[in-house]
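Working notes, structure below.
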Amino acid sequence: MAASLSSAGTVRLLSALARSSLLCSSSGLRGLHVTAACCKNRAARIRIGKGNKPLTYEQALHPHHIGHRKGWLSQHTSNLKGEDGAADRTVEDVFIRRFMFGTFHGFLANEIVLKRRGNVLIVCAIMLQKMLPQKFYFLIGYSESLLSHLYKCPVKLEIQTLVDKAVYKYI
Amino acid sequence: MASRTTKALLSLGRINIPALGLNNAVSRVTYATALSVNSSSSKKGAPERNGRGFGSRKPRREAEGPRTEKMPVDQDWTAVYPAATPFRPGSVPLPVRMGYPVKGGVPPEKKGNLELIKIPNFLHLTPAAIKKHCEALKPFCTEWPSALDTDAKCDEHFPIKVECTDYVSSGLSVRNPSARIVQLKVKLSVLNLDDHARKKMLKLVGERYCKDTDVLTITTDSCPLRQQNYDYAQYLLTVLYHESWKTEAWEAEKTVADMEEYSWEGSPSQKNIMDLLLRMNVAGEGEGEEVREQLLGRSEVQEYKDSVTRLKNEGDNEGSVLQYKEAVKKVFNL
């Protein structure tokens, strides 16, 4: 009994020594952090701030409101039953959004709305009046012709301009 | 003189600007502005000056309000929205609001409202616009022939019906491979077929014939083009008709198993009942062919023949089984 007690004591001592030696060594120590996972949904959500950040309707409503309080930004028939070409249309959509975002950098008041009617691709955008109209016209013509050549289909741009963004609420 | 030159330049400048506007007149129709674009001209002065060189006068137009303010009540709406275009708040004189309201507020207004642009609108399809479309299409239309006023007459004069489908979708290509399928429907009663031809035709087409409606359906999709499939379907119909009229040498080897329907003459049922009746009557009359003929002539035997044929062709339903029972009872005088 005395022997076992002493052995337990030596084990504890040894472990204490080991821990202290580990703590002493500067490198090679990696602790395991165990905290509760924060399973919050962060998709397309702008977190609440102090109340001075303006949000448009698109930004204010979260993705789960699509179909209930929000419409769809892109419309085509490929997602219907028995139709194909959904992946192609999606890739085109992504490219056109990036293209418009880059060509009219800083001028877009809101998201781009894409509509397809048969062969024609209609890109609807709301822009701010920060540029000379001649420059606007040039960029619009440039986008139309470039996209038409890229996709081999007629591409039309429908632009509306605003003085400043339409604010829905302040976060 | 200085004033005159400046005035001349002024007029020159004013001519130029409308010209610029005119060049883009078409595009101005599509690029609607909630407020006129020239309202941003406060920054325009400086670069314009460099371009023109005479900076005292600025080719500025005042910011006009949206077009809705100048629309008369009795205007021609088909001119405002002649074709399907997205919603333009400056062109639609309605105080439309769309969207989920903020707490304690109202839905957002139409100016800068993306929701109104997202949805398809039918502003180009007012009843007046549709009337105009109809009027424009009328010269190209012809009257339906007055003699074909009932379905029966249409079937009588045009017994072959061809069905093809066109597909419309949004995408880079107008073509759809399913558009090549052609379906040809015809009633066999219309074709001039005798008994042998009809049986042979039914054997040739197999599944394509519907017995309830007596309609033969030929569906062709093996060719890449619709015209080719249509020609192939017509060719198939012609070939089937001619082949079913021909009698080949090997058709004489048709066995009982190939027969489409049951025939009583020469069947085991006939043999059985003949033997039975002969044995029943063996005491009375003599043997021979005349006895057989007599027996066959008897009405009970005919009834029995009808009932067995009906049972074998139609299957076991209540009527046929009852008929068989009655016939058997009569034959045995029960």
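Labels below follow one simple rule: chain letters A, B, ... track the order of the sequence lines, proteins then strands, and each chain is numbered from 1.
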Between A/S74, A/G118, A/C124, the one whose heavy-atom pairs under 4.5 Å with chain B are most numerous: A/G118

Would you say B/K161 has more than 12 foreign heavy atoms packed within less than 6.0 Å of its NZ? yes

Which heavy atom in B/P89 sits nearest to a heavy atom in A/Q160, and how many Å separate them? CD-OE1, 3.2 Å

B/Y81: side chain to side chain donor-acceptor pair (under 3.5 Å) partners, not counting sequence neighbours: none

Most heavy-atom pairs under 4.5 angstrom with chain A, which of B/S178, B/G171, B/S170? B/S170

Given that the side chain runs from C-beta out, which part of B/P101 has a heavy atom under 4.5 Å from chain A: side chain, backbone, both or neither? backbone

Please give me the minimum heavy-atom distance between B/E115 and A/G71, naming the atom from each residue. OE1-N, 2.9 Å

Side chain / backbone / both / neither for B/I119 at chain A, heavy atoms under 4.5 Å: backbone

Is chain B contacted by the side chain of A/K165, its backbone, both, or neither, given a heavy-atom distance below 4.5 Å? neither

With a 4.5 angstrom heavy-atom cut-off, could you sort out which part of A/Y57 is near chain B: side chain, backbone, both or neither? side chain

Which atom pair, heavy atoms only, marks the closest approach of A/A166 to B/G112? CB-O, 4.0 Å

Counting neighbours of NZ on B/K131 that are heavy atoms of other residues, nucleotides or ligands and sit closer than 6.0 Å, is the number greater than 12? no

Residue, of A/N110, A/V120, A/L61, that accumulates the most heavy atom pairs under 4.5 Å with chain B: A/N110

Inspect the surroundings of CG in B/L94 and state if more than 12 heavy atoms from other residues, nucleotides or ligands are less than 6.0 Å away. yes

Return yes if some donor-acceptor pair links the side-chain N/O of A/Y168 with the main-chain N/O of B/Y100 below 3.5 Å, else return no. yes

At what distance, to the nearest 0.5 angstrom, does CD1 of A/I126 lie from CG of B/L114? 5.0 Å

List for me each residue that meets side chain to side chain donor-acceptor pair (under 3.5 Å) alongside A/T56, sequence neighbours excluded, and say none if there are none. A/Q59

Which bit of A/R89 comes within less than 4.5 Å of chain B, counting heavy atoms only: side chain, backbone, both or neither? side chain

Picking from B/S169, B/P120, B/G105, which has the most non-hydrogen pairs under 4.5 angstrom with chain A? B/S169

Counting heavy-atom pairs under 4.5 Å to chain B, which of A/E92, A/M127, A/K152 comes out on top? A/E92

Can a donor-acceptor pair be found, under 3.5 Å and without considering hydrogens, that links the side chain of A/R117 to the backbone of B/A84? yes

Determine yes or no for a side-chain-to-main-chain donor-acceptor pair under 3.5 angstrom, with A/E158 supplying the side chain and B/I117 the backbone. no

Does a side-chain N-to-carboxylate-O contact under 4.0 Å join B/K118 and A/E111? no

